[in-house]
Amino acid sequence: MTSRVSGPRIFFGIPASPGLVMGRVYVLDRGEVTTPRYHIEAEEVPLQVHRFARARARAQQQLEALRARTAEAEGGSEAAVILDAHVLISQDPDLIRRTEEAIETRLINAEWALRDELEELKAAFSALDDAYFRERGNDLDQVGQRILRVLAGHSEEPMPHFPEGAVVVARDLTPADTARLANMRVAAFVTEVGGRTSHTAILARSLDIPAVVGISSIASALETGDMVIVDGDRGVVILEPEAAAVADFERRSQARRVREESLRVLHALPGRTADGTRVRLHANLELPQEAHLPARFGAEGVGLFRTEFLFLNRDVLPDEEEQYANYVKVIEQSPGPVVIRTLDLGGDKLPVHHPYREPNPALGLRAIRYCLVHPEVFRPQIRAILRAARHGDVRMLLPLISSIEEVRRAKAVIEECRGQLRMEGQQVPDRVPLGVMIETPAACLVADRLAAEADFFSVGTNDLVQYTLAIDRANEHLAHLAQPLHPAVLELLRLTTAAAERAGIECTLCGEAAAEVYYVPALLSVGFRAFSMNPVSIPQVKEILSRLTIEVAEALTLRALQEPTPSQARAHLIEGVRELLPEMLD
Ligand code: PEP
Ligand code: MG
């Protein structure tokens with residue numbers, strides 16, 4: 001590897017979202033605040049009090065600027081009210097008096113004094129049995145963190161506004177961050193952490209933003225202003241590319257455009273194999289802004305609407321009305337049925353004020369488990385879905401089910417909400433089909449029982465791979481081991497499709513594996529005839545289907561699985577698919 005001054009550098013990571021982009025880097029320095037603690041002499045007290053005052057004034061300016069920007073943005077009025085409150089808190093007399101007293105009496109620096117006062121005030125607020133005061137405690141903490149960031153010399157916002165076309169480079173981005181970046185129209189992003197099926201990568205693919213993840217130390221190796229090529233197809237980032245790399249970038253970008261154009265003719269055609277087997281192709285959605293994409297890319301409907309993304313990035317959670325309005329928006333634009341998944345909060349998708357800090361969130365209070373203990377969050381969503389159901393063919397889907405008990409408890413809540421809505425005079429269809437997500441090995445192993453309780457199955461391979469192989473889906477160090485072709489995973493998939501067939505219910509695969517063209521033969525072989533995926537990938541899956549018969553898919557899979565390892569099996573399938581589809585790009 002050469003040094004920065006002497007030429008290009010190439011960084012290799014995990015291709016998280018396809019596409020090629022050349023642009024300027026913006027390093028997101030979230031500036032984790034560490035609080036220095038030191039004792040001071042009596043004569044240094046005025047200096048520390050002055051530092052504290054200056055930091056407060058700067059924080060106030062930042063908040064006022066943010067407030068002005070937010071108030072101008074569409075739908076920003078609610079956030080602007082919260083920012084008004086934050087401006088007031090930044091000059092709160094009680095906080096100022098207590099912090100100054102601590103500096104003076106305990107002879108400690110401003111950061112130490114402020115941190116201690118914040119802790120005390122926060123503890124006092126959270127001890128109060130009132131949601132309003134607990135919220136105030138959070139507001140206070142956010143403002144306090146902002147002042148501490150200024151004291152630590154961080155000039156930037158936790159998530160500054162990036163110009164259109166920026167390549168955002170960060171140590172880590174949460175799904176909530178990625179959703180925000182989409183609104184800013186950034187061109188690409190690159191992170192140190194993450195895997196291909198992390199929710200951040202999934203969102204990037206849905207939003208059609210090229211991304212490379214899992215490049216260690218990239219945030220410190222690159223600087224704001226550097227020119228880079230981000231190759232989301234191969235998982236490569238080239239710093240300050242030379243003429244040859246730029247020429248290659250241009251040639252491949254052109255080839256991509258030609259390929260996209262040639263796939264366009266497939267948009268209107270149904271999914272069908274070369275021997276005429278119908279394969280239904282639906283779209284996964286995360287945000288209501290994407291509602292136009294299923295029709296655009298030739299999906300037959302929305303196979304998975306991940307509703308929890310509506311809950312991220314906000315201080316005040318969406319109420320029933322707002323959820324209802326968003327569902328109606330998606331239903332009205334969908335070319336067919338819409339599967340609305342109930343909240344899959346928890347794991348890596350945490351709302352701003354998530355009350356739990358779990359040591360192992362993937363195995364914690366996530367998805368249906370969270371909803372069943374939080375009826376105040378679950379019920380408004382169920383009511384919103386039931387109300388939205390009269391606008392089209394709506395189906396409800398329960399995530400992370402591992403036993404029939406969970407399905408029965410959710411059904412009881414649904415029936416209660418239906419009864420309540422009817423008493424209020426609202427129109428609710430008699431039947432909204434209820435599906436179960438199969439994404440734990442336990443669910444696969446009791447699939448016959450679950451099939452007796454459910455109207456359809458939707459198989460989530462992202463989580464099924466994570467829970468079967470004990471591999472954190474967001475961990476870049478293990479990403480190469482997260483193999484849907486692992487025999488254990490394939491066996492569980494076979495059990496599930498067989499149980500669905502016995503029960504006569506539909507079984508769709510909605511994990512990211514559905515969008516990888518070279519897995520298609522294997523997924524057909526284990527019995528899937530319906531897939532849901534990011535809308536952008538639908539045309540290429542239609543294309544490979546049109547080149548395959550079920551017999552060829554089975555023969556190819558059988559041969560691939562004779563390879564000793566899942567990676568070799570994958571390589572074999574890639575080779576087979578390439579032979580059938582020579583025009584496929586990298
Ligand atoms: C899955 O786990 O495969 C799935 C589709 O759900 P999510 O990716 O949202 O967890
Ligand atoms: Mg899942």
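In each ligand, atom 1 is the first atom listed, and ligand 1 is the first ligand listed.
- Contact annotation: for V459 versus ligand 1, there are no heavy atoms closer than 4.0 Å.
- The nearest non-hydrogen atom to atom 1 (C) of ligand 1, considering only A201, G460, S198, A513, comes from G460.
- For atom 6 (O) of ligand 1, the closest non-hydrogen atom of the protein is R341 NH1, 3.0 Å.
- The shortest distance between side-chain heavy atoms of V465 and T197 does not fall below 4.5 Å.
- A donor-acceptor pair under 3.5 Å links the side-chain atoms of K542 to the main chain of G298, judged by distance alone.
- Residue contacts with ligand 1 include R366, since one or more of its heavy atoms lies under 4.0 Å from the ligand.
- Around the Mg ion (ligand 2), protein N, O or S atoms at less than 2.8 Å comprise E439 OE1, D463 OD2.
- Distance alone, capped at 3.5 Å, is enough to place a donor-acceptor pair between the R369 side chain and the G364 backbone.
- With respect to atom 7 (P) of ligand 1, the closest heavy atom belonging to the protein is H199 NE2, 3.2 Å.
- Taking 4.0 Å as the cut-off between side-chain N and carboxylate O, E516 and R196 count as a salt-bridged pair.
- Using a distance-only test at 3.5 Å, with no hydrogens or angles considered, no donor-acceptor pair links the side chain of R306 to the main chain of R341.
- At least one donor-acceptor pair under 3.5 Å links the side chain of T468 to the backbone N or O of L464.
- Atom 8 (O) of ligand 1 has its nearest heavy-atom neighbour, among E512, E308, R473, in R473.
- If you look at K349 next to ligand 1, the close heavy atoms, those under 4.0 Å, all belong to the side chain.
- Between E543 and R547 there is a salt bridge, since a side-chain N of the basic residue sits under 4.0 Å from a carboxylate O of the acidic one.
- At a cut-off of 3.5 Å, with distance as the only test, a side-chain donor of D463 or Q466 sits close to an acceptor on the other residue.
- Tested against V459, the residues I438, T497, T508 include a single side-chain contact (heavy atoms from CB on, under 4.5 Å) partner, I438.
- The part of D344 lying near ligand 1 is the side chain, judged by heavy-atom distances below 4.0 Å.
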